[in-house]
Each structure stands twice: as C-alpha cells, then as structure tokens.
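Each chain gets a letter, A, B and so on, in the order its sequence line appears, and its residues count up from 1.
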Number of protein chains: 2
Amino acid sequence: MTKASTFDRKGRATIVDVGRVAGVSDATVSRALNKPETVSAKTRARIEAAIAETGYVPNPLAKAMVSGRTYTIGALVPTLNHSIFSKFLHALESDLSDQGYNLVVAVTDADRDREVEKAKKLLAMGVEGLIVSGLSHNADLLREAARFAVPLIATSYYEPSAPLPTIGYDNKIVATQALAHLTALGHRRIAVAHGPVAGNDRTRSRIDALADPGEGASLTFYETTLDYAGGAAVVDRLEGPYSALLCLSDVLAVGALFQLRSLGKRVPEDISLMGFDDLDASQFTVPPLSTVRLPIQDMGRVTARAVCDFLDSGSPIAPRLLEAQVIARASTGAVPLAPGASDNPRGS
Amino acid sequence: MTKASTFDRKGRATIVDVGRVAGVSDATVSRALNKPETVSAKTRARIEAAIAETGYVPNPLAKAMVSGRTYTIGALVPTLNHSIFSKFLHALESDLSDQGYNLVVAVTDADRDREVEKAKKLLAMGVEGLIVSGLSHNADLLREAARFAVPLIATSYYEPSAPLPTIGYDNKIVATQALAHLTALGHRRIAVAHGPVAGNDRTRSRIDALADPGEGASLTFYETTLDYAGGAAVVDRLEGPYSALLCLSDVLAVGALFQLRSLGKRVPEDISLMGFDDLDASQFTVPPLSTVRLPIQDMGRVTARAVCDFLDSGSPIAPRLLEAQVIARASTGAVPLAPGASDNPRGS
DNA sequence: CAACGCAATGTAGACGTCTACATTTACTAT
DNA sequence: ATAGTAAATGTAGACGTCTACATTGCGTTG
C-alpha cells in the first residue's frame, strides 16, 4: 500500500531500496532474484513483498554492464519491402529469440555508406553480432566489426574464401540450376531479366554464372528495376524469338507474366517463364510459376545458430552452403516444335 | 605500435587505460571524447594517439548505464511475412534511425501470450518504447509497459477511447469506404472475403462496419486463411449471384483473381473484385486491382515521431487518425445490365 | 606585483547490479 | 558443552563512464 513515494529518486526503486524495506542487504535481494535457492524461504517472502511494495523493476542497463552482455544481434538488410529479406528476418528473429537473443534491424537501402553508418550505430548500442547481406561492403564495415570484436556474418551468399564467414546459397550454382532446367526442356534462345547490378553482388554472380551457358544456348540479358513494373517492362523490350524468359527474381517474373498475358501471349506455349526465389504468390499465379526455391528459412535458422553458438560457447563461425531447389511448375514447358513459326500479331 | 597487450584485462582497453597512456586522467579522456572544445589541442592529440595505440572502443553499456538511455524502441508485429507489416517497419526504422534511435523487432505470430513474453524480453533489454499492432492484447502487456514506465503505442488502429494511444486508420471507416465504392457502382449482392477473425481486431472492426451496409445492399461473409490460397478457396466456395467480391486484404484478392481467371470468369465483366491494402503487386495484376490504400508509410513516420518526441521532450503521445484512400482501378466496374446472362466460353 | 578570472585538468563518487569473500547463525555429532 | 560444518546473509569493491566540484596554472589588469 505504501506508495513508492519514498523511493523515487529519479522515479525508480533500486535493489537497495528493496533491501532496505525487506531489512536485508542488496546482495541478498540480488541473490533472491538470481539464485532463489540460496536464500531462505522466509527472507525470500519478505523480499517479494518489498518488491511489490516498492514497484521495483530491475535495471537492464546495470545488469548488462556487469555481465558485459546485451544479448542483442544486429541485422543490416537492404530493404524490408522485399519478402526475401523479411522472410529471412522472420526466421532469424524466431531462432534468435528462442536462444534468448534480441534482434535489432537496420535498413540500408542498398547503400554501402549508409550500411557502415548504421552498423556503427548498432555497434555503439552494444550488439554482440552483426549480420549483413551479400559480400560487397564498405571496407570500414569489416574494420568496425573487428574494432568492436564483434562477429560479422554475410548471408545470401556462399563464398568460403571471403574475408568473413558466409552463410547462404551459391548464387552461381543456383543460376546454373535454373538454366539447366530450361535447357533440359530444349530451350536455347533465352532472355534473362535481372535487377540492377550496381551494388548487388548476388545478381552479379548469377549473371556471371550464365555468361558461358554451354549446351549451345545463347542468352541475352535485360537489366531493369527490381519490381513488378520492371518485369513488365522487360517483356516490352524483348527482341527476337526467345523460347524462354528467365527472371532472376520472382517479382520480375510475376510482372512479366501479367504483361505477357495482357499482350495475349500464352505461357508456356508461346514462351516459357521461370522465376527465382519462390515467393508465396508464385504457386498461385496462372500458370503457377516455375522457380528456384532459395533456402531462406534455413538461412535464418543456420545464421541464428551460428551466432548464438559463437557467443555462447565460442565455437567459430564456419561458412555454410545451403542448397536451393528447382521447383518445376506449369510456367515452363518444352520448346514449341516449330521454333521459327513465331507469328505473333502486332505483339509488343 | 605497442600492441594492446598491456590492456587486455578481459580484452578491451578502457578510458582509464587511454588516460594512463596519454598521461591524463580518465575524466579528461571522457571530455576529449564528448566535449572536445574543453580540452587543449595538445592534450587532445595525445589522447587520440593513445586511443589509436590502445585500440580503445567505448563501452556502450557503461555509457547507457550512466545516461540511463538506450535509444532503443521495440516493435511487436504479428509476422514479417506480410508486406503490410514489413512496410510499416521499414518506414518506422527509417524515421527512428533519423532521430537517433534503434529498432528491435519481435514477431508474435499473432499470439497474445507470445506477445507479452516477447514484450517482457524487450523491456528487460531496455527498450524505451513499445509499439504493437492492433488493440487486442494480453492484459499483462499494459501492466508490464506501465511497470517499466515505457510508452506503449498501438498502430494499425484508431480508437481515441482506447486505454493506450492509437495511431492508425479507422478500420470501420476504411471498410465503409470500400463498400461505398462498390455500391456507387451499383453493386448490391456482394461477397466479402476475410482472414481469421480470432485475435485480429482489425479484421473484426472491418466486418462490424459492414454489418449494416445500407443502400439495400446484402453482404455475405466468407472467412478463410490469410494467404493467396485462401483467396482462391473463397472463389470456389462462392454461392449465389454476386456481382462483386470484396476482399479485406489484397493478398486474398490476388488469390481470388488468379482463381477467377483460371475458372474463366472475367473481371470486372462477370464479377467486380476489390482488395484492401494496395500491395505493390496490386497495380500490376490483370486487370489492375481496385483497392484501399492504407497509410502505412505515414503510420511509420507518425509513430516514430510520436515516440521520439515523447522521449526527447516529454510531449504526450496523442492518438492520431490517418486517412485511407480508395484506389479505383480496372477490377471494379458497373453491375452488368443483365445480371443473369453470364455466358462465357472457356475464357482467359 | 598582487589579485583576479578563466581555461585546463584532476578528484571523487555516482549510476545499479553482481559476486568473491567474510561473517554470522544454527545445527549436528562427539 | 564444544568443535565443526553448512546454510544464510553481509561487506566491499568491481564493472566503465560521466560530471559536479575542486584545484592548478597562467595571463591579464590595475
């Protein structure tokens, strides 16, 4: 009943106030809180009453200061508007949380300078680990992480020789898998749509992997903006008798699909369409989209485990390759028998 | 050049070590760091050298402990897999960051108990503010926030009489706006698809607002899962001659659209289709989706400002109504003249 | 040259919690 | 009863940084 009025030096009661009220020392209160079995039941009861009376709540900062731990991990992502990243964060948060860690999120807008800037903020607030996307970063990022002696992990990428541990898929292999799906269906003349290369090493690698397609295939690349409109735009720019359009992102593929259909092209009869990422929407488009499912969930899980293991027991963080999987749906099919017979009335 | 070897009591050099090397007291080092103008240029130079030599990096925890501030805000969202939430967080993070705050994210999976649980974790790590979605919460949530004397804001909701400040749109008004768009086009028999009501007060309010539609309109409600498949499923369950399908989420509408098209129904000739949220994809579907654009970006901005203003200058957090906007696109049209005359040959 | 004022730096203790070690208490076994 | 022991609690100081106040030193002014 006694209001906390006697304790509000700056408002909050401390462990010492609790001790005073309960008639014990602050050490005993601390023990009652952290190792209840070491304090007698009677005393514990008195302390609990005192806590209730004073409205004591532990000061997280003091605790962190003593333990030197914040149980906080920082993640830097280019954007939250792409489901690939939000899914990753979802999985990451889930697992970190299970292991008692919190997740701080910072958005970089794919800008390397902003990335370092925000990384510094995160470090200054005490994150114990830093997770970034991809491999191309401002050199200061590595330096800062090292200065603060905080582990730094790159995701969405697998490159064992990188200067920092990478956890993700191998973008080259993945691109090759997608291409293989198309060539196996007989496609040779293939258009490839992709988002901006600048500052996006994942896109870069995928393209590189396709540079020498083999199998007598010939690829033509179309760069565009990474959104539905970009996918649609590529369809308008398409030249030549492609039998397949490979989009290095499902967002592009869905955009392209809508545009193809509104132009009256049939998928896959006129042109096969393949995406990348396996968005939620991709299995519900008409026709359902063939795509490559990236191991995003796994990536979140594995990354979370790796950081936590490192922080909890010092096990070093090893690079880790995760496998992607081609999902063949109805948007890809065999090459039309008469390849030259492409008569499309006033198309595009 | 001298390695940090003399300072690694537990690894890191402290301000005291720097002082020792520079031949000054720790207070002077602290000042050199925080109010450089109060220390002579000569000393400052020596201190900087000492910092470089020792590899000193400030301990965020000690700093936070003294200042009593963490500059960290916690956000609890049901999921990160829905772009409505990730967009909100994107905007929120952006603005918080501009004002010098960090954002900790926790996912609740729309489970109230998990919500409190995670809220406690966030409070225990020292967040200075808590942001949640919607109005229905475990009672402990309010209590805990109060115990820690941390402001708690509900978003995606506007309800000035709520026990906590709300920043968002009025779900009833918004639903009414959508319905008005359809009735203005002459629709009277309307199917309404919505996600699970349990634990989702936003959906609840929208439905309530439609309970008494007026205008001689008659609505039938279909509950389904909140994903593309759910939207598609509703189409299959539809009974009766509806002239319009109103989906209380664009995800449902897009799912429904795909399904309608694969059944050969024309939109909007056979049935008008309206969504809710204005997803990125919604303007690129075929036909583009009429929808209600929710002020998500604004909500992030306004919420961020409100918390920061409160923390920085104590201005109380006031409820705030944000306006939604009907976006009329091609998926909605006038009611067909001969409502019964629906003869479409295997379309698409 | 004394007195003053200001700039630069040092001293000391606070912030709230934890913990190694010391002390007290109570009980058991002889 | 008495030493011995284990359980319960207290004492003191550490964690790293900040800051109010005290001190030092120097230059200016009359």
Which nucleotide sits closest to the side chain of [X]: [options]?
{"X": "A:A62", "options": "D:dT9, C:dT17, D:dT17", "answer": "C:dT17"}
{"X": "A:M65", "options": "D:dC15, C:dC18, D:dT17", "answer": "D:dC15"}
{"X": "B:K63", "options": "C:dT17, D:dC18, D:dT9", "answer": "D:dC18"}

TODO: Hey, which sits more toward the 5' end of DNA chain C by its nearest nucleotide, A:L33 or B:R44?
DONE: B:R44
Rounded to whole angstrom units, what separation is found between the [atom1] atom of [X] and the [atom2] atom of [N]?
{"X": "A:K35", "N": "D:dA7", "atom1": "NZ", "atom2": "C1'", "result": "14 Å"}
{"X": "B:D17", "N": "D:dC15", "atom1": "CG", "atom2": "C1'", "result": "13 Å"}
{"X": "B:N59", "N": "D:dG16", "atom1": "CG", "atom2": "C1'", "result": "6 Å"}
{"X": "B:I47", "N": "C:dA8", "atom1": "CD1", "atom2": "C1'", "result": "11 Å"}
{"X": "B:I15", "N": "D:dC15", "atom1": "CD1", "atom2": "C1'", "result": "14 Å"}
{"X": "B:R69", "N": "D:dT19", "atom1": "CZ", "atom2": "C1'", "result": "18 Å"}
{"X": "A:I51", "N": "C:dT17", "atom1": "CD1", "atom2": "P", "result": "10 Å"}

- [ ] Look at all strands and tell whether A:G23 reaches a base, only sugar-phosphate, or nothing, counting heavy atoms closer than 4.0 Å.
- [x] sugar-phosphate
Open item on the list: Under 4.0 Å, heavy atoms only, any strand: does B:V66 hit a base, just the sugar-phosphate, or nothing?
Closed with: base
For [X] against [Y], the heavy-atom pair lying closest together:
{"X": "B:F85", "Y": "B:T79", "value": "CB-O, 3.4 Å"}
{"X": "B:N102", "Y": "A:V104", "value": "CB-CG1, 4.0 Å"}
{"X": "A:D95", "Y": "A:A304", "value": "CB-CB, 3.4 Å"}

Open item on the list: For a quick test of reading the model: is some side-chain N or O of B:N34 closer than 4.0 Å to OP1 or OP2 of D:dC18?
Closed with: yes
TODO: Establish, with yes or no, whether the OP1 or OP2 oxygen of D:dT9 is under 4.0 angstrom from a side-chain nitrogen or oxygen of A:T38.
DONE: no
Open item on the list: I need the residues from residues 119-127 of chain A with at least one non-hydrogen atom less than 4.0 Å from DNA chain C; give them sorted by number, or say none.
Closed with: none
Open item on the list: Using a 4.0 Å cut-off on heavy atoms, which residues in residues 24-31 of chain B reach DNA chain C? List them by number, or say none.
Closed with: B:V24, B:S25, B:A27, B:T28, B:R31
Quick check: does any side chain N or O of [X] sit under 3.5 Å from a backbone N or O of [Y], one acting as donor and the other as acceptor?
{"X": "A:T72", "Y": "A:T70", "value": "yes"}
{"X": "A:E128", "Y": "A:Y71", "value": "yes"}
{"X": "A:R112", "Y": "A:N138", "value": "no"}
{"X": "A:D111", "Y": "A:R114", "value": "yes"}
{"X": "A:T54", "Y": "A:A50", "value": "yes"}

TODO: Indicate whether the side chain of A:T43 and that of A:S40 have a donor and an acceptor atom separated by less than 3.5 Å.
DONE: yes
- [ ] Ignoring hydrogens and angles, state whether a donor on the side chain of B:S161 or B:E159 is under 3.5 Å from an acceptor on the partner side chain.
- [x] yes
